[in-house]
Amino acid sequence: MGFYQPNPSFRDRRMLADDKGRELTYGEFDQYYEKKQMLFLKRGLMFLLCTNQMASVMLYLMCLRKGGVPLLLDGNLDEELLERLILTYKPDYLSLPQERAGRWKQRGREVLRDRGYVTFQLNPKERARLHPDLALLLMTSGSTGSPKLVRLSRRNLVSNARAIAGYLEITEKERPITSLPMNYTYGLSIINSHLEQGAAVYLTERSMAEEGFWRFFKEKEITSFGGVPFTYQMLKRIGFFEMELPSLRTMTQAGGKLSEGLQREFGEFAARTGRRMVVMYGQTEATARMSYLPAGDVLRKIGSIGISIPGGRFSLRDEEGRTITKAGQVGELIYEGPNVAMGYAGQAEELAEGDLWQGRLATGDMARQDEEGYYYITGRKKRFLKMYGKRVSLDEMEQLVRSRCEGSEAACTGSDDHMRIYITGNPDGEELCFWLSRKTGLHAGGMKVIYVDQIPKNQAGKILYQELERSQMK
C-alpha cells in the first residue's frame, strides 16, 4: 500500500485544503475516485498541466490509483513544447486548467470537468506501450526545451515518500504548505511524503513574497515549508526573521547549494526559536531525495548535504572508476537505493523499457566525504574547466563571487583559460577579478566580468547556463 491507495484509518482526516476555503478528507477522495474512475482507461498515459490547486493533486492521485501513468508538467508550459511532447509520447489524456482548455475542444473528447480543470481523451492513432512497473514521468531539471523524461516506478515513489517521512519524523499532525510547484520533484515529494502519513496538505499558488501567502499560513497554522536557495534569499529580504509564525516547526531546503552565510543565519534562527532547519540533496533521477543533513548538524556541518536517506547508500568514484575511501578526496558521487529511477525516455517507444539503472545512479556531482561520513558537493562533473593547467570548479567560483558581492546574483561559465563571470548589480569588476585571483591563485587575466540585468533560472531556481550564454550572443 502506498500514499495513493485508500487507507481506511485515514478516512476521517483532512487530506487537502486550499486558500479558497475548500477542503477534502481522505474518505471523500475515496468516494470521488469510485464515482469518476470509470471515465479513465486502466493503463492510460495522462499529461497533467500542474498547478497547486486541489484538482491538480486529485487528478495525479486518481491516475496513479487507476494504474495509469501521469506526466507532470508546468501549468504554464509553452504551447509549442506541449505540442512536441504530445506528438512524441502520444498520451491518452490531457488534463489542464479550464482557461487553457479552449483550443483542445476540437482535438479531444471531454471526459471530466471539475474544480477548474478539464480532462480530454485524445485517442491517439497509436497508443504508447507502457512498462508494467512505470508509474510516473517527470521532466529532468535540464530538459525544459526537450522531451527528455525520467521514468519512475511505484517502488521509487513509495520508498522515497516513506524514507522522507521517516527522517523528517512526519506525522498526521503536520500541516505543510505548497511553497514549490507540484510538478517539480521537490514540491511533489512534500505532497507524497505527507499523504503517506495521512497528514493534510495546504494548497496555494501564491508566492512566498505575497502577503496573502503568509495570511493563509497563519490562518491554517502551517507547520512546515520547503524552499530552494532562491527562496531563502528572498525570505531574508522580506524580513522573515521578524515574522510572527508560532505554528512553524520545520524548514527544509534542497534544489541546489545554499550559501554558507544563509545556512548559518537560518540555522541560528532555527536554534534560537526552537525550530528545525533540514538541508537536503536530491535529483529527479532519484525520485526526489538522496540525502539529508540532520537538524542538529545544520550549524556544525555548514555546507554539507549530510548523510544518505534511510535505505540509500553513497560512495565516491575517481576518474578510473575506483572507489574512494580516503576522507577529503574528491570523486563523483554515486548513489544506490530503491528510489533510483528506471531510466530516461526520449521517445514513446522507451516508455516500454524496464529498469535500466538497477538502483544505481551516477549523480554527475563531484563530492568529498569528511571523517564522520558527511558528504560535501564540490561541483558538477561537467562544470569544471582548466585555468592555465589548474582544474577549477565553476560552482565553487560562483560561491566565492556571491560571498564577495552580497546582494548580487552570479553565474560562471567559460572554456579553458577563459572564465566568464555574469553578475547583476554594479560591483567593481576589476577589483572582483583581482580578489578572486588572490583567493584562488588563478590569473586575473583569464577572468571576464559581464554585467546582466538578471540571471535566467527555471522554476526550481536553477540557473539556465545555456540561455545565459545565448543571450550574450544576440
### Task
Could you tell me whether Arg317 and Glu332 have a side-chain N and a carboxylate O separated by less than 4.0 Å?
no
### Query
Between Phe217 and Phe213, how do the two ring planes meet: parallel, tilted or perpendicular, split at 30° and 60°?
tilted
### Query
If you count the non-hydrogen atoms of other residues, nucleotides and ligands that lie under 6.0 Å from CZ in Arg129, is the total more than 12?
no
### Task
On the 0 to 90° scale, with breaks at 30° and 60°, tag the Phe29-Tyr33 ring pair as parallel, tilted or perpendicular.
tilted
### Message
Once you measure the plane-to-plane angle for Phe225 and Tyr232, does it fall in the parallel (<30°), tilted (30-60°) or perpendicular (>60°) bin?
### Response
tilted
#### Entry: Lys257 and Glu398 ion-paired at < 4.0 Å
no
### Query
Looking just at side-chain N and O atoms, do Ser308 and Arg313 make a donor-acceptor pair shorter than 3.5 Å?
no
### Task
Going by the side-chain contact (heavy atoms from CB on, under 4.5 Å) test, name the single residue among Met62, Glu196, Arg154, Lys66 that passes it with Tyr4.
Arg154
### Message
How close do Gly373 and Ile307 get, counting heavy atoms only, and between which atoms?
### Response
O-CG2, 4.0 Å
### Query
Would you say Arg100 has more than 12 foreign heavy atoms packed within less than 6.0 Å of its CZ?
yes
## Note on the structure
For Phe314, the ring-ring contact (aromatic ring centres under 6.0 Å, His included) test, sequence neighbours excluded, returns Tyr335, Tyr375
### Query
Judged by modelled atom types alone, do Ser153 and Arg155 share a side-chain donor-acceptor pair under 3.5 Å?
no
